Amino acid sequence: MSRYRNVTILVAILFVQVLGLAVQVKRRSGADESTRIIRLWTVSAVTPLEKAIVWCQNGLGNMWSNYIYLRGVRQENRDLKFEIEQLRLEQVRLSDDAQQARRLQALLGFKEQYIAKTVAAQVIGSSGSEQSRSVYIDKGTSAGVEKDMAVITADGLVGKVLRAYGSSAQVLLINDQSSGVGVILDKSRLQGVIKGTAVGEVILEKVMTDEQVAPGDLIVTSGGDQIFPKGITVGTVMKVSPGADLFLNIRVKPSANLSRLEEVLVITRKEDRAPSVAETNSVRAVDILTQRLPSVPDKSEAGTNQPQGTESSATAKSAIATPKPQSEAAKNHAAGSSARQAAVTPTTQKAVHVVKRASQPAAKPDSNTPAPAEPAAPETGTSEDKPH
């Protein structure tokens with residue numbers, strides 16, 4: 001520094017002057033904007049460094065997300081595939097159970113209520129009291145709306161028509177304390193009654209404390225009140241707590257947003273009809289076995305077209321009625337008709353053999369003649385049995 005003091009001082013003075021000029025001088029970067037040269041120089045100097053830092057950061061992030069973080073994806077994929085297979089099996093089982101239930105309902109003549117016609121209406125007002133929770137719609141008796149008709153939305157149940165006027169109607173919501181809806185838990189099939197409270201909450205009543213009710217269980221209409229068709233979504237269980245008189249306190253979250261109703265549907269007509277049995281193209285194993293089993297012929301067909309077994313039985317009966325000694329020609333004839341005799345059952349052949357033995361005359365015993373040997377027992381079950 002002592003040797004090049006003058007040069008160093010000169011360079012420092014020049015740098016300060018240039019820096020001062022850069023701070024004072026402005027450069028027009030737009031129509032109405034001007035930027036100082038020092039700012040442009042600083043941005044130009046820092047930008048490459050920032051780009052390098054961002055590039056390294058993106059590279060490390062991609063490496064983490066594409067390799068390190070995805071190391072367990074293979075096992076997760078296997079678990080998901082196994083879960084999908086289990087869900088498919090469960091779906092097949094539930095589908096079979098549903099089809100069987102429909103067949104049984106159709107067989108027993110059970111009928112269910114189906115929504116046949118609805119009328120779309122718009123909410124035009126609400127009740128002015130906190131104690132009464134109802135809304136007014138722009139459809140009345142002129143559109144077919146009557147008292148005690150169910151009102152729904154795409155999300156779920158809303159309520160029922162309390163009063164119907166000419167061009168409007170009043171709908172009582174399910175969170176009103178004077179309302180009541182017969183419902184059933186979709187999972188456990190427990191029945192209860194949905195009612196509202198003074199503060200606008202929805203609760204489920206008439207469920208015993210020994211029943212198993214869990215938060216998240218779906219609640220649908222049971223159809224027992226003859227107002228709401230069966231199967232309409234009402235809401236889900238939000239909270240369960242023990243209550244008085246051996247009943248549970250169950251708070252329900254309605255499926256429909258009752259505080260922001262704009263359009264609703266009024267069910268103006270319901271139909272009672274048996275559920276249709278779905279026709280499936282799948283062939284069951286029991287159907288295949290049924291087709292392969294022999295069928296019993298009718299009496300008319302049995303009288304006109306006698307099978308071979310009947311003809312053989314008639315032959316056996318004639319042989320029993322008129323037994324004759326078997327000659328050489330008879331043996332040849334029997335050998336020629338062995339195809340017909342093959343259908344004769346072993347029991348019939350044995351009976352023929354016993355009758356023929358009984359019909360033969362007994363030989364008189366002779367003192368000089370040795371006793372004949374005892375004949376061997378004939379083999380049963382073949383068509384070439386020859387009596388001795």
Side-chain angles (χ1 to χ4, degrees), residues 113 115 117-140 143-165 167-187 190-207 213-241 243 248-268 270:
Q113 288 185 348
I115 300 175
K117 185 179 179 181
T118 59
V119 172
Q122 189 174 4
V123 177
I124 58 176
S126 61
S127 61
S129 174
E130 288 293 333
Q131 302 297 326
S132 176
R133 301 187 181 274
S134 60
V135 295
Y136 290 88
I137 58 177
D138 60 348
K139 295 295 175 63
V145 177
E146 297 179 359
K147 184 181 178 181
D148 290 337
M149 285 186 173
V151 180
I152 61 174
T153 61
D155 297 327
L157 185 65
V158 172
K160 68 176 181 179
V161 177
L162 184 62
R163 296 180 181 89
Y165 306 100
S167 60
S168 63
Q170 184 182 6
V171 178
L172 184 68
L173 303 181
I174 59 174
N175 61 349
D176 189 88
Q177 56 184 349
S178 62
S179 67
V181 182
V183 296
I184 187 172
L185 292 174
D186 186 62
K187 184 177 181 180
L190 294 175
Q191 293 189 3
V193 177
I194 285 289
K195 285 191 175 183
T197 61
V199 295
E201 295 181 349
V202 180
I203 60 174
L204 176 60
E205 296 182 346
K206 308 303 180 183
V207 178
V213 180
D217 289 349
L218 182 64
I219 302 175
V220 297
T221 56
S222 62
D225 49 16
Q226 300 299 320
I227 297 178
F228 305 98
K230 183 178 181 180
I232 299 178
T233 303
V234 178
T236 55
V237 176
M238 186 167 55
K239 183 179 179 181
V240 181
S241 60
L248 291 174
N249 288 332
I250 303 175
R251 291 179 59 187
V252 178
K253 180 181 180 181
S255 299
N257 192 351
L258 302 178
S259 61
R260 297 182 180 180
L261 293 175
E262 295 182 1
E263 294 86 13
V264 295
L265 293 175
V266 182
I267 302 175
T268 57
K270 296 177 290 184

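Every heavy atom of this structure was used, including side-chain atoms; hydrogens, water molecules and symmetry mates were not. Keep in mind it's a predicted model, so treat the numbers as computed, not measured.
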Can you tell me if [X] uses its side chain to pair, donor with acceptor, with the backbone of [Y] under 3.5 Å?
X    : Y    : value
S127 : S132 : yes
S134 : Q170 : no
S168 : Y165 : no
K139 : L265 : no
D138 : Q122 : yes
K206 : Q191 : no

Under 3.5 Å, side-chain donor or acceptor atoms of residues 193-205 against the rest of the protein: list the pairs with distances, not counting sequence neighbours.
from	atom 1	to	atom 2	distance (Å)
T197	OG1	E201	N	2.9
T197	OG1	E201	O	3.3
E201	OE2	R251	NH2	3.4

> Shortest non-hydrogen contact from A150 to P229?
Replying inline: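 Answer, listing the atom of A150 first, then P229: CB-CD, 4.3 Å.
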> Where do A169 and V145 come nearest, in terms of heavy atoms and distance?
Replying inline: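 Between these two residues, the closest heavy atoms are CB-CG1, 4.2 Å.
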Quick one: [atom1] on [X] to [atom2] on [Y], what's the gap to the nearest 0.5 Å?
X    : Y    : atom1 : atom2 : result
R133 : N175 : CZ    : CG    : 5.5 Å
L248 : I250 : CG    : CD1   : 5.0 Å
K230 : K270 : NZ    : NZ    : 14.0 Å
S179 : L157 : OG    : CG    : 9.5 Å
Y136 : R163 : OH    : CZ    : 7.0 Å

Do [X] and [Y] have side chains that get closer than 4.5 Å, going by heavy atoms?
X    : Y    : value
V264 : I152 : no
L261 : L173 : yes
I184 : V220 : yes
I232 : I267 : yes
V237 : L185 : yes
D155 : T233 : no
E146 : V161 : no

>> According to side-chain hydrogen bond (donor to acceptor under 3.5 Å, both in side chains), does anything in residues 253-267 pair up with another residue at least two apart or in another chain? List the pairs.
In response: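 Every pair satisfying side-chain hydrogen bond (donor to acceptor under 3.5 Å, both in side chains) with a residue in residues 253-267: N257-S259.
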